[in-house]
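Worksheet: the structure to be examined is printed underneath.
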Amino acid sequence: MLKETPAEAQIVSHRLMLRAGMIRQQTAGIYSWLPLGYRVLRRIEQIVHEEQARAGHIPMLMPTLQPADLWRESGRYDDYGEEMLRITDRHKRDLLYGPTNEEMITDIFRTHVGSYRELPLTLYHIQWKFRDEIRPRFGVMRGREFYMKDGYNFDIDKEAAVHAYNRHMVSYLRTYERMGLQAIPMRADTGPIGGDLSHEFLVLADTGESEVFYDAAITDLTFGERAVDYDNREECAAIVQEWTTPYARTDETHDEAVFNEVPQARQRSRRGIEVGQIFYFGTKYSEPMGATVTTPDGARVPVHMGSHGIGVSRLVGAIIEASHDENGIIWPEGVTPFHCGIVNLRQGDSSTDAACEGLYKALTAAGLEPLYDDRDERAGAKFATMDLIGLPWRITVGPRGLKNGVVELTSRRSGESEELTPEAAVERVAAIYAGS
RNA sequence: CGGGGCGUAGCGCAGCCUGGUAGCGCGUCGGUUUUGGGUACCGAAGGUCGUCAGUUCAAAUCUGGCCGCCCCGACCA
């Protein structure tokens, strides 16, 4: 826990992550995730897994190191350039630290799947990736090593693959919203992945790396609690329609003429952090790599594919960029490393010690993970620490309140407090998290 | 990769110009004090001064090479 800001950190999320002891840089663009940071990373990962499962996608795990031969097959070994970290093993075989997995998944698919009966299929994994950025910066937002969910859909034809595309967009909207983020889908370039249909998901933040242009109408949309049948093509298409109708593009695809059709009062230009992207690229990999299936009439056709990514490690930084104040981080309930902090104002006092331990047990029994600050520090130091690490709820236990049988429950976001009995405070916190 | 900067205790920095006993703040440890928003005081531990070579009686300090890191730009989930 640091009072002083490390000189190397330029942007707020990086500074706060270092100060809160979430990460430690090991070398340029490569970080260790310390216990506190690791908790957040895992919670984000968990949300991604849950929402993938909801959409019917199947988890697996591919390695970080890949044989160069697969990439020679697709032609990307030479195309990818310096960003790809190439490694040679003791037998002088060429390997690479994967920046993405299209080739590998296509290879797996072609050896294990051969019939239209096995489609549609969407496989995904969450794994460390490496891109040897020329200049890593902004902490985990632009590291060289990063943790990413990447998924790949396999479908019999374009129509089915477009449904997979739509399904992913819907699923992603839900995923980001659970993390307390508004991520706006914006029409995007396909870059080195290729293909002809792509959207990026952008979180608005002043420190974002891309300039974005959008119709204010899109920020009024919320996904909310709607139940979605992910197999229903019309329903998914309708939701995609809803979210892609208002103008929203990054500078890469921005079209001034079209943007000017948006009423002046609703035109917005800000900066955004990219936290995910989805692609439909058809047979770009399946054709050269021979990933085909037999159709009902016995023909062999290359499968239609798409890929979809969520920057899991980057999201930790992006969430902080979108949710902090001058005192520190403000975690959304969905991703907070601990559900509730307990601050003992007089460590060593038998009444406050007992009350804190009671709260800790009761919160744990309610299925929550509390963080108990039992350091022998002054109140100010404990409050400052809690504010910095940003737990959304804090229970303050002091001798003054205990005399009247109450503790104080404080919202990190609003700063508002209320006095409650310890039992009521536990119930209250449990109720807050009951939905998530 | 072009331009700029930095490397001295766990962290933030001074010292370097003008060579001569390695310092300050925070943190850590021990103690006293204090106790509802980063308390004050006393004491202690902790450093191959990035690295290699050179100059010199003597190098954190001067010179050169190398390594690492940061910032601006081009590039990027």
Side-chain angles (χ1 to χ4, degrees), chain A residues 1-11 14-15 18-19 21 24-30 80-84 98-101 126-150 172 183 188-193 198-203 208-210 250-252 272-279 307-318 326-328 343-349 352 373 375-388 394-403 406-408 410 415 417 419:
Chain A
M1 204 66 55
L2 307 168
K3 281 189 194 175
E4 286 160 298
T5 302
E8 70 204 36
Q10 296 302 304
I11 64 167
H14 191 193
R15 284 201 293 263
L18 289 169
R19 286 188 57 206
R24 168 163 173 83
Q25 177 169 315
Q26 302 297 162
T27 182
I30 298 180
Y80 220 93
E82 295 286 322
E83 279 199 1
M84 187 154 75
T100 175
N101 288 67
I126 300 180
Q127 176 63 291
W128 292 96
K129 307 284 192 297
F130 196 94
R131 291 186 194 171
D132 198 0
E133 298 283 345
I134 298 167
R135 186 155 90 84
R137 66 184 103 177
F138 303 151
V140 298
M141 298 239 294
R142 177 92 183 277
R144 292 195 292 171
E145 188 182 47
F146 56 99
Y147 201 43
M148 178 173 158
K149 171 263 171 182
D150 49 319
Y172 277 24
D189 268 347
T190 52
I193 309 283
S198 180
H199 280 85
E200 292 180 332
F201 290 78
L202 278 294
V203 172
E209 73 276 63
S210 348
T250 66
D251 47 5
E252 291 172 336
I273 301 166
E274 190 189 333
V275 292
Q277 187 162 6
I278 55 178
F279 301 88
S307 70
H308 334 88
I310 294 180
V312 174
S313 51
R314 159 176 280 206
L315 270 166
V316 179
E326 63 281 3
N327 295 322
V343 170
N344 186 344
L345 290 182
R346 188 166 299 173
Q347 204 66 45
D349 177 289
T352 58
D373 185 348
R375 294 174 304 162
D376 188 14
E377 289 285 350
R378 289 182 52 109
K382 292 194 177 189
F383 289 144
T385 300
M386 277 297 171
D387 286 351
L388 174 61
R394 180 185 87 205
I395 298 177
T396 308
V397 180
R400 221 153 69 191
L402 277 188
K403 237 181 283 175
V406 297
V407 296
E408 192 179 75
T410 306
S417 299
E419 299 200 328

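Just so you know, these numbers use all the heavy atoms, side chains as well, and skip hydrogens, waters and symmetry mates. Just so you know, these numbers come straight off a predicted model, no measurement behind them. Sequence lines set the chain letters: A, B, ... in the order given, protein chains first and strands last, and positions in each chain run from 1.
Separation of the P atoms belonging to B:rC16 and B:rU61 is 12 Å when rounded to the nearest angstrom. If you take atom C1' in B:rA60 and the same atom in B:rG15, they sit 8 Å apart, rounded to whole Å. Atom C1' of B:rU63 sits at a distance of 26 Å from the matching atom of B:rG23, rounded to the whole Å. Comparing the same atom, C1', in B:rC13 and in B:rU56 gives a spacing of 30 Å after rounding to whole Å.
One atom, CD of A:E408, and another, P of B:rG37, lie 11 Å apart when rounded to the nearest Å. Regarding A:D373, its CG atom lies at a distance of 13 Å from the C1' atom of B:rG37, rounded to whole Å.
Across all strands shown, B:rC29 is found opposite B:rG43 as a Watson-Crick or G-U wobble partner, with both distances under 3.5 Å. Pairing partner, B:rC16: none, since no Watson-Crick or wobble contact has both distances short of 3.5 Å. Checking B:rG7 for Watson-Crick or G-U wobble geometry (two distances, each under 3.5 Å) identifies B:rC67 as its partner. Nucleotide B:rG73 forms a Watson-Crick or G-U wobble pair with B:rC1, both donor-acceptor distances falling under 3.5 Å.
Among all heavy-atom pairs drawn from A:S210 and A:L202, the shortest one is OG-CD1, 4.0 Å.
Summary of the strand contacts: A:V275 and A:T27 both lie near RNA chain B, and taking for each the nucleotide with the nearest heavy atom, the more 5' one is attributed to A:T27.
Interatomic distance, CE of A:M141 versus CG of A:L315, reported as 10.0 Å (0.5 Å rounding).
With hydrogens and angles disregarded, no donor-acceptor distance shorter than 3.5 Å links the side chain of A:R144 to the backbone of A:G29. Between the side chain of A:S417 and the main chain of A:E408, no donor-acceptor pair closer than 3.5 Å is present.
Side-chain contact between A:Y172 and A:V275 is absent, with no heavy atoms from C-beta onward closer than 4.5 Å.
Within 4.0 Å of A:A384, counting heavy atoms only, lies at least one base atom of the nucleic acid. Across all strands, A:R394 comes closer than 4.0 Å to base atoms (heavy-atom distances).
Residue A:R135 places at least one side-chain N or O under 4.0 Å from the OP1 or OP2 atom of B:rC71.
Side chain A:R131 to base B:rC76: no donor-acceptor pair is found below 3.5 Å.
Among the nucleotides B:rG36, B:rA77, B:rG37, the one closest to the side chain of A:D387 is B:rG37.
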